[in-house]
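Reviewing the structure listed below.
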2 protein chains.
Amino acid sequence: MVPGDMLTDHPSYTCLSDTEKAIFNAALTEFGRAGRCGARMQTIADRAGINKAMLHYYFRSKEGLYEAVLMRVVSSFMDSVTAALDRHDTFPDQLRAVLDAYLRAHLSRPEVAGLWLNENLNGAPVARKLLRPKGGVEGPRRMIAWIEGAVRDGHIRPVDPVHFVITFLGSVVIYVIGMPTFSSLRPELASGSEEQIRARIDHLHSLFYHGLKS
Amino acid sequence: MVPGDMLTDHPSYTCLSDTEKAIFNAALTEFGRAGRCGARMQTIADRAGINKAMLHYYFRSKEGLYEAVLMRVVSSFMDSVTAALDRHDTFPDQLRAVLDAYLRAHLSRPEVAGLWLNENLNGAPVARKLLRPKGGVEGPRRMIAWIEGAVRDGHIRPVDPVHFVITFLGSVVIYVIGMPTFSSLRPELASGSEEQIRARIDHLHSLFYHGLKS
DNA sequence: GTCTATATCTCGATAGAC
DNA sequence: GTCTATCGAGATATAGAC
């Protein structure tokens, strides 16, 4: 849909039929809004402009649809993160690039954060499958290795890589998901304007850069 | 229940009848586990050791019960944060005390984070009501004022107080809520042991302290 | 205040025509 | 592949006795 969209540019998306794409987009919106349990098959069908029975024709069940959506979405987001890492050399540049890519990916698809959080409320069975060392998505482990490398090379002070990656990812996710609450502290935040996006990236970059430097 | 529990020590809790307390605790657990839609009134009744009809006697509907639980819980958590601020003088000590209080509050009631997130997925009507300037809960605005004061007094470098508070609260919330995912990166995290709690607090304290100091 | 029994409704899933 | 019609499980909510 959007040019440069993390999701619709992904190879595993472009090969879908039009109906499958419509279902997929509708399901993402609905699952992100209402969660695994709160989502309604009827709403997804309406939004996709098809019949409810068709959902069961393409995906056996609601569970099947949920898993398909979640796996595709998490994979493409994590791929965008690792791609950003590969495009830069110095630590500060990489830090900014990953922040930029990850925040913009989430802002362009705010439903994804909701999907992942709801998944965690249910024990994250699908997300855990996606993170398995062999055959899973490599984004988080790649980020951990990135921090480990920066510590080893003396670019940043010694820091627990797992804790930092949790803080890093969380600072972006929470900004998107908590927006309804935060915007009552500062209404401009909810505009999603380029100015607000840059302000968030600048804040996180300087906080983390100073927080990590040797 | 637990001595020192943020919730059960709160004045608005201790004046409830035994049945109301039982309902309240059961509802908190169930709503946190399954979300606003996934929660089952039958499960809440069973856990509270009462009949399903009693839930509708004390709280008119499922929605009413949900709102009552959420408002009470968010208030008491935010009160624990401001109390921690008042107990210390220097910025580093306050930073550690608030981190400690807020993380332990969430770990003692992991359902609360899930409740707040589900609330945001629905546009956060209750949370926004709680944050209104007059008559609402003062925790977040109190934290913002704390950061503003520290900047003004030269204890920390100039930083956007709202963005920092978002990052601060989010780094704690995401740790609790994302545990099912993160524990597949490092299984020990899920133990919730004192060692793991301290490691998280130490990480965040040093990251934020170095990230903010003049 | 507390319970049993039940009304009412919503939703996922399927059958079967086209 | 796509639709209409419907089944049946399971949930909220209430009626009414005690």
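First the proteins, then the strands, lettered A, B, ... as listed; each starts at 1. Just so you know, these numbers come straight off a predicted model, no measurement behind them.
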Ring geometry between B:Trp116 and A:Phe182 (parallel below 30°, tilted from 30 to 60°, perpendicular above 60°):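 Aromatic pair A:Phe182/B:Trp116 classed tilted.
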Aromatic plane relationship, A:Tyr102 with A:His106 - under 30° parallel, 30 to 60° tilted, over 60° perpendicular: perpendicular
Hey, does the side chain of A:His56 come within less than 4.0 Å of C:dA13's phosphate (OP1/OP2), counting only N and O?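 Affirmative; the distance criterion is met.
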Please list, in 5' to 3' order, the outermost nucleotides of DNA chain D lying under 4.0 Å from any heavy atom of chain B. D:dA11 to D:dT14
Mind calculating the distance between CE (A:Met54) and P (C:dG12) to the nearest angstrom? 17 Å
Nearest-Å distance, NZ (A:Lys62) to C1' (C:dT14)? 17 Å
Start at the 5' end of DNA chain C and walk down; is the nucleotide closest to B:Tyr57 or to A:Glu63 reached first?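 Between the two, 5'-proximity favours B:Tyr57.
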Which is true for [X] with a 4.0 Å heavy-atom rule: it touches a base, it touches only sugar-phosphate, or it touches nothing?
X: B:Met41; answer: sugar-phosphate
X: A:Tyr58; answer: sugar-phosphate
X: B:Ala39; answer: sugar-phosphate

Can you sort out the partners of A:Arg36 under side chain to side chain donor-acceptor pair (under 3.5 Å), two or more places apart, ordered by chain and number? A:Glu63
Under a plain distance cut-off of 3.5 Å, with no hydrogens placed, do B:Arg132 and A:Ser184 share a side-chain donor-acceptor pair?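 Result is no, nothing qualifies.
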Give me, pair by pair, the N or O atoms of the protein and of nucleotides 4-9 of chain C that are less than 3.5 Å apart, along with how far apart they are.
residue: C:dT4; atom: OP2; partner: B:Asn51; partner atom: ND2; Å: 3.0

For a side-chain contact (heavy atoms from CB on, under 4.5 Å) with B:Trp146, tell me which candidate from B:Thr82, B:Val81, B:Leu95 qualifies.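 Exactly one option meets the side-chain contact (heavy atoms from CB on, under 4.5 Å) with B:Trp146, and it is B:Leu95.
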So, applying side-chain contact (heavy atoms from CB on, under 4.5 Å) with A:Leu28, which one of A:Arg33, A:Glu111, A:Arg72 is it?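 It is A:Glu111, the one option of A:Arg33, A:Glu111, A:Arg72 that forms the side-chain contact (heavy atoms from CB on, under 4.5 Å) with A:Leu28.
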Salt bridge (Lys or Arg N to Asp or Glu O under 4.0 Å), that's the test. Do B:Arg142 and B:Asp79 meet it? Break it down for me. CA-CA 10 Å; B:Arg142 181 72 205 286; B:Asp79 286 357; over 6 Å; no
Between A:Arg87 and A:Asp93, is the closest basic N to carboxylate O distance under 4.0 Å?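 No salt bridge links A:Asp93 with A:Arg87.
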